[in-house]
Amino acid sequence: ETGVTQTPRHLVMGMTNKKSLKCEQHLGHNAMYWYKQSAKKPLELMFVYNFKEQTENNSVPSRFSPECPNSSHLFLHLHTLQPEDSALYLCASSPPSGGNEQFFGPGTRLTVL
Amino acid sequence: GENVEQHPSTLSVQEGDSAVIKCTYSDSASNYFPWYKQELGKRPQLIIDIRSNVGEKKDQRIAVTLNKTAKHFSLHITETQPEDSAVYFCAAFVSGGYQKVTFGTGTKLQVIP
């Protein structure tokens, strides 16, 4: 356990559904990240939040919408996804400045039908 | 943007032998280089990291070397054991104020007993 939790662990949704992924950490970290992990592809950084402010958005389609209400919680809202969005979505957090180690959550395995 | 190349994509070694995985990066501003191990069905976990002001770092059977001039860094695992079998990812970070991170494509290491 790294102290980063994600729910749900598995999610199956249709292309017209709306769902949200949740990430939570109580490690005192100030930076939180969403990654997409697809088979045979590198981990893709999607969003970065630093002190609740979004600092990176790596050209992610608007059907993915992040939300960071506080430094302990991070959401990824999903709507009108495509089958190619099926992947493992990993959340990570990292300590305040000076430390860059990322602590990953267990991931949400998403299947879009 | 940053480009990280990782080789080989798969690696099989006999138990007790050494394994070496290499990564190259393109952005000279990258200053933090972690290595993550991901076992099947589990989250990535940091195994060793190195910063740009250091050339080599060792932790028991694991070592990482960094050549800033050539923009490459390598993971060395000595006396490999079956439990070392996993996918290993390198990454290159530009940190300071906000963080940009690019991961390599991963190396699947198999240690044959």
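This structure is a prediction, so every number in the text was calculated from the model and none was measured. All heavy atoms count here, side chains included; hydrogens, waters and symmetry mates do not. Every chain is numbered from 1 and lettered A, B, ... according to where its sequence line falls, protein lines coming before strand lines.
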ILVMFWY network linking [X] to [Y], side-chain heavy atoms under 4.5 angstrom:
X: B/Ile62; Y: B/Tyr88; value: yes
X: B/Val94; Y: B/Val54; value: no
X: B/Val4; Y: A/Leu45; value: no
X: B/Val87; Y: B/Ile77; value: no
X: B/Ile21; Y: B/Phe89; value: no

| said: Nearest 0.5 angstrom please: B/Gln38 CD to A/Leu43 CG, how far? | reply: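 B/Gln38 CD to A/Leu43 CG: 6.5 Å, rounded to 0.5 Å.
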
| message | Please report the interatomic distance OH(B/Tyr32) to OG(A/Ser94), rounded to the nearest 0.5 Å. | response |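 Nearest 0.5 Å value for the OH-OG distance: 9.0 Å.
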
| query | For A/Val4 and B/Arg43, which heavy atoms make the closest approach, and how far apart are they? | reply |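 The answer is O-NH1, 3.4 Å.
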
| query | Heavy-atom count around B/Leu40 CG within 6.0 Å, excluding the residue itself: above 12? | reply |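 At most 12 heavy atoms, drawn from other residues, nucleotides or ligands, come within 6.0 Å of this atom.
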
| said: For B/Glu79, I'd like to know if atom CD has over 12 heavy atoms of other residues, nucleotides or ligands within 6.0 Å. | reply: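 Result for CD/B/Glu79: open.
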
| All ring pair (Phe, Tyr, Trp, His ring centres under 6.0 Å) counterparts of B/Phe33, not counting sequence neighbours |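 B/Phe33: ring pair (Phe, Tyr, Trp, His ring centres under 6.0 Å) contacts with B/Tyr25, B/Phe73.
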
| request: With sequence neighbours excluded, tell me which residues meet ring pair (Phe, Tyr, Trp, His ring centres under 6.0 Å) with A/His26. | output: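 A/His26 satisfies ring pair (Phe, Tyr, Trp, His ring centres under 6.0 Å) with A/His73 once adjacent residues are dropped.
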
| Sub-4.5 Å side-chain heavy-atom contact between A/Gln102 and B/Tyr36 |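 Yes, close enough: below the 4.5 Å cut-off.
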
| said: Please classify the contact of A/Glu44 with chain B as side chain, backbone, both or neither, using a heavy-atom distance under 4.5 Å. | reply: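 Neither; nothing under 4.5 Å.
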
| Looking only at heavy atoms, which of residues 102-113 of chain B get nearer than 4.5 Å to chain A? |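 Counting heavy atoms that sit under 4.5 Å from chain A, the residues of residues 102-113 of chain B involved are B/Phe103, B/Gly104, B/Thr105.
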
| task | Could you tell me which residues in residues 81-90 of chain A have at least one non-hydrogen atom under 4.5 Å from a non-hydrogen atom of chain B, sorted by residue number? | result |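 Checking residues 81-90 of chain A against chain B gives A/Leu88, A/Leu90.
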
